[in-house]
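Here the structure comes first, spelled out in structure tokens, and everything after it is commentary.
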Amino acid sequence: MKKKKTQSRVYGGIEANLREEDRRKKLIEAGLEAFGTKGYSKTNIKTICQLAGLTERYFYESFRHKEDLLCVVYRELIEEGQRDSMAALDDKKGIPLETASQALRTFYQRFQQDPRRAQIQLFEILGVSKNIDREYQNAMRFLADMVRLFLCKVFPNIRTEILNRSMIPTGLAGSIIMIAHEWVLGGFIAPLDDIISQCMDLFIAVGKHVESR
């Protein structure tokens, strides 16, 4: 017996699957706002739904629980940053050192332009659960990989086998994050140019050291 094809119901000229996707986007934006301002622990599903202008039944249409939404919000933020890094890394025309500096500037600027992003990526994501911890660890590994690739691009004489078995990229990635922590907690008072300059001083010093080995 053949199964009947399921057709999307149209309401207000919009198909059901598109309406569902629109509701999901509203919930993600509401999660960004709530987690990035009130904080994850102080936010409940009712608050998220109020911000999204939706009833709670629509929350469970897209997400299993609050932690599930946090994971999706965090992934979207991280993936946006990863696209920035990959675009900078793929820039064949730019001067490598300037490209690395611009990648750092974009990374920090996103925090400054949207403090909600900083709050979630740097603080709210920590200590929620083992599953969320894995998301954070994966993001840190990617950042370390980006640092490794930029080191090789800026310092072409670095022996890649040294970096591949070294914790130096991980250490630099951790430094980038800790500098972001202090900058955000300090209310972004330090000029962005100073933040970039000091990060690049650290990056160049480490790169020259590894290159000389």
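The first residue in the sequence is number 1, and the count goes up from there.
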When you check the gap from the basic side-chain N to the acidic O, do [X] and [Y] get nearer than 4.0 Å?
{"X": "Asp22", "Y": "Lys25", "result": "no"}
{"X": "Glu29", "Y": "Arg116", "result": "yes"}
{"X": "Arg110", "Y": "Glu80", "result": "yes"}

For residues [X] and [Y], determine if any side-chain heavy atom of one lies less than 4.5 Å from a side-chain heavy atom of the other.
{"X": "Leu192", "Y": "Ile196", "result": "yes"}
{"X": "Pro191", "Y": "Asp194", "result": "yes"}
{"X": "Gln82", "Y": "Met146", "result": "no"}

* To do: Sequence neighbours left out, what pairs pass salt bridge (Lys or Arg N to Asp or Glu O under 4.0 Å) with at least one residue falling in residues 198-213?
  => none
* Within residues 166-176 or reaching into it, pairs that qualify as salt bridge (Lys or Arg N to Asp or Glu O under 4.0 Å) - sequence neighbours excluded ->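 Applying salt bridge (Lys or Arg N to Asp or Glu O under 4.0 Å) to every pair that reaches into residues 166-176, excluding sequence neighbours, yields nothing.
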Partners of [X] by ring-ring contact (aromatic ring centres under 6.0 Å, His included), sequence neighbours excluded?
{"X": "Phe188", "answer": "Trp183"}
{"X": "Phe150", "answer": "none"}
{"X": "Tyr136", "answer": "none"}

* Do Leu51 and Leu54 belong to the same hydrophobic cluster, where Ile, Leu, Val, Met, Phe, Trp and Tyr are linked whenever their side-chain heavy atoms lie under 4.5 Å apart, directly or via other members? ->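 In one cluster: no.
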* Structure fact -> Nearest heavy-atom contact between Gly31 and Ile48 is N-CG2, 4.5 Å
* To do: Considering non-hydrogen atoms only, spot the tightest contact between Leu104 and Cys199 and give its length.
  =>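 Of all heavy-atom pairs spanning Leu104 and Cys199, the closest is CD1-CB, 3.7 Å.
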Would you give me the side-chain donor-acceptor pairs under 3.5 Å for residues 92-102, sequence neighbours excluded?
residue: Lys92; atom: NZ; partner: Asp90; partner atom: O; Å: 3.3
residue: Thr99; atom: OG1; partner: Ile95; partner atom: O; Å: 3.0
residue: Gln102; atom: NE2; partner: Thr106; partner atom: OG1; Å: 3.4

All side-chain contact (heavy atoms from CB on, under 4.5 Å) counterparts of [X], not counting sequence neighbours:
{"X": "Ser41", "result": "none"}
{"X": "Asn44", "result": "Lys46, Thr47"}
{"X": "Asn138", "result": "Arg141"}

Return the [atom1] to [atom2] distance between [X] and [Y], rounded to the nearest 0.5 Å.
{"X": "Glu182", "Y": "Ile189", "atom1": "CD", "atom2": "CD1", "value": "12.0 Å"}
{"X": "Gln50", "Y": "Ile45", "atom1": "CD", "atom2": "CD1", "value": "12.5 Å"}
{"X": "Leu32", "Y": "Phe35", "atom1": "CG", "atom2": "CZ", "value": "9.5 Å"}
{"X": "Glu33", "Y": "Ile28", "atom1": "CD", "atom2": "CD1", "value": "15.0 Å"}
{"X": "Gln121", "Y": "Phe123", "atom1": "CD", "atom2": "CZ", "value": "11.0 Å"}
{"X": "Leu89", "Y": "Asp145", "atom1": "CG", "atom2": "CG", "value": "11.0 Å"}

Run the side-chain donor-acceptor check on residues 68-78: report pairs under 3.5 Å with partners two or more places apart or on a different chain.
residue: Asp68; atom: OD2; partner: Arg64; partner atom: N; Å: 3.1
residue: Arg75; atom: NE; partner: Glu135; partner atom: OE1; Å: 3.0
residue: Arg75; atom: NE; partner: Glu135; partner atom: OE2; Å: 3.1
residue: Arg75; atom: NH2; partner: Glu135; partner atom: OE2; Å: 2.6

Less than 3.5 Å apart, which donor and acceptor atoms pair up between the side chains of residues 167-181 and the rest of the protein, not counting sequence neighbours?
residue: Ser175; atom: OG; partner: Gly171; partner atom: O; Å: 3.0
residue: His181; atom: NE2; partner: Leu122; partner atom: O; Å: 3.3

When you measure from the side chain of [X] to the backbone N and O of [Y], does any donor-acceptor pair fall under 3.5 Å?
{"X": "Thr43", "Y": "Gly39", "answer": "yes"}
{"X": "Glu124", "Y": "Tyr40", "answer": "yes"}
{"X": "Ser62", "Y": "Phe59", "answer": "no"}

* Steps toward side-chain contact (heavy atoms from CB on, under 4.5 Å) verdict (Leu163, Leu151) -> CA-CA 9 Å; Leu163 277 185; Leu151 281 170; 4.0 Å; yes
* To do: Take Gln109 and Arg105 through the test side-chain hydrogen bond (donor to acceptor under 3.5 Å, both in side chains) and record every step on the way to the result.
  => CA-CA 6 Å; Gln109 261 181 340; Arg105 181 175 296 277; 5.9 Å; no
* Asked: Could you give all pairs that pass the side chain to side chain donor-acceptor pair (under 3.5 Å) test and reach residues 150-164, with sequence neighbours left out?
  -> Arg159-Glu161
* Hey, what's the ring geometry for Phe111 with Phe107, parallel, tilted or perpendicular (30° and 60° as the breaks)? ->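 Aromatic pair Phe111/Phe107 classed perpendicular.
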